[in-house]
> 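Please see the structure below; I have some questions.
We name chains A, B, ... by the order of the sequence lines, and we start the count at 1 in each one. Reckoned from all heavy atoms, side chains included, excluding hydrogens, waters and symmetry mates.
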2 protein chains.
Amino acid sequence: MSTAHDALFRTLADPTRRALFERLCREGETTVGALTAQAGVSQPVVSKHLGVLKQAGLVRGRHEGRQTHYSAQLGALAPLIDWTSQMAGFWESRFDDLEDLLKRMGQ
Amino acid sequence: MSTAHDALFRTLADPTRRALFERLCREGETTVGALTAQAGVSQPVVSKHLGVLKQAGLVRGRHEGRQTHYSAQLGALAPLIDWTSQMAGFWESRFDDLEDLLKRMGQ
DNA sequence: CTCTCATATACCCCGCTGGCTATATGTCGA
DNA sequence: TCGACATATAGCCAGCGGGGTATATGAGAG
């Protein structure tokens, strides 16, 4: 059911991982080494996080020689946007119901 | 400082908790008992999750007699929306940079 | 005042996951 | 072919957090 949302939220819940994704959004394609340099955690940890981001579809890896360039896949955020606007939608419709109710009460 | 985003993502990362929030968005004010009935977990667990949601500002509790009515606070999703559009914005601007580059190369 | 019901809190358990180090894999330069 | 470098994988450990049960708190009913 909420599998897609689940993966997204769970993946983005970790600060380190989200920071990596943010950097990739801001700076575009970046190597693991460059990411590691400012991540505040060890290189293997960065690789692991990138793996998780990749599995969630949030990130894409391109091999070039002995280094890997990662880039953000913004489209993967779509389910998150959908979910948010869906929640807002429920809210709105309930508000409309309330308006209807008040209207009917007032007449 | 992604503190606000952090709390939101972390809070919404758990499926059970997110389901509770979704129900509150769909159905409006609901009692703990009603929520527990369909949550698939015990009442204390529901209370705990509601506590977390409350701390994140996603939910509000209103005492009425011996029961508590919870309702979603949709405004709390704002940072999430901001974050998402910010990421999209970075993406866009990088795309613009690329366009600029291509333009300069082409002239 | 007491009993019951609705919710919250306390406490424990256990699995998941993020961090680490060590090492494997793979690529470039000499 | 060999060594250095870039990244990935393996294996381990500790802490966090979600689940449970037991119980406290508090409000209505009788």
> Can you sort out the partners of A/Glu27 under side chain to side chain donor-acceptor pair (under 3.5 Å), two or more places apart, ordered by chain and number?
A/Arg23
> Would you mind building the protein contact string for nucleotides 10-17 of chain D? One character per nucleotide, 5' to 3', B for base within reach (heavy atoms under 4.0 Å), S for sugar-phosphate only, - for untouched.
-B------
> Using a 4.0 Å heavy-atom cut-off, write out nucleotides 25-30 of chain D from 5' to 3' as B (base contacted by protein), S (sugar-phosphate only) or - (no contact).
-BBS--
> Considering residues at least two apart in sequence or located in another chain, which fulfil the ring-ring contact (aromatic ring centres under 6.0 Å, His included) criterion with A/Phe9?
A/Trp83
> Using whole Å, report how far NE2 of A/His69 lies from P of D/dA6.
12 Å
> For residues 43-60 of chain B, run the donor-acceptor check on the side chains, cut-off 3.5 Å, and write out each pair with its distance to 0.1 Å, sequence neighbours left out.
{"residue": "B/Gln43", "atom": "NE2", "partner": "B/Ser47", "partner atom": "OG", "Å": "3.2"}
{"residue": "B/His49", "atom": "ND1", "partner": "B/Arg17", "partner atom": "NH1", "Å": "3.4"}

> With sugar-phosphate meaning primed atoms plus P, OP1 and OP2, does B/Val45 contact a base, only sugar-phosphate, or nothing at under 4.0 Å between heavy atoms?
base
> Kindly compute the distance separating NE2 (B/His69) from NE2 (B/His63), expressed to the nearest 0.5 Å.
10.5 Å
> Run the side-chain contact (heavy atoms from CB on, under 4.5 Å) test against B/Ala34 and tell me which residues pass, sequence neighbours left out.
B/Thr30, B/Thr31
> For residues B/Ala88 and A/Leu74, report the shortest heavy-atom separation together with the two atoms involved.
CA-CD2, 3.4 Å
> Which nucleotide of DNA chain C is the first, and which the last, in the 5' to 3' direction, to come under 4.0 Å of a heavy atom belonging to chain A?
C/dG18 to C/dC28
> Could you report the tightest heavy-atom contact between B/Ala76 and B/Pro79, atom names first, then the distance?
O-CD, 3.1 Å
> Please examine the side chains of A/His5 and B/Leu12, heavy atoms only from C-beta on, and report whether any two atoms are closer than 4.5 Å.
no
> Listed by chain and number, what are the side chain to side chain donor-acceptor pair (under 3.5 Å) partners of B/Gln67, not counting sequence neighbours?
none
> Measuring to OP1 and OP2 of D/dA6, would you say a side-chain N or O of A/Tyr70 lies under 4.0 angstrom away?
no
> What does A/His63 touch in the nucleic acid at a heavy-atom separation under 4.0 angstrom: a base, only the sugar-phosphate, or nothing?
nothing
> Round to the nearest Å and state the distance from B/Gln43 atom CD to D/dG19 atom P.
14 Å
> Contacts to DNA chain D from residues 30-38 of chain A, heavy-atom cutoff under 4.0 Å, which residues?
A/Thr31, A/Val32, A/Gly33
> To the nearest Å, give me how far apart CG (A/Leu53) and P (D/dT7) are.
16 Å
> Got a sec, which residues hit side chain to side chain donor-acceptor pair (under 3.5 Å) with B/Gln38, two or more places apart in sequence or on another chain?
none
> Closest approach of B/Arg10 and A/Ala13, non-hydrogen atoms and distance?
CA-CB, 4.1 Å
> Which part of the nucleic acid does A/Ser42 contact within heavy-atom distance under 4.0 Å: base, sugar-phosphate only, or nothing?
base
> With sequence neighbours excluded, tell me which residues meet salt bridge (charged side-chain N to carboxylate O under 4.0 Å, His left out) with B/Arg66.
none
> Side chain to side chain donor-acceptor pair (under 3.5 Å) with B/Thr36: which residues, sequence neighbours excluded?
none
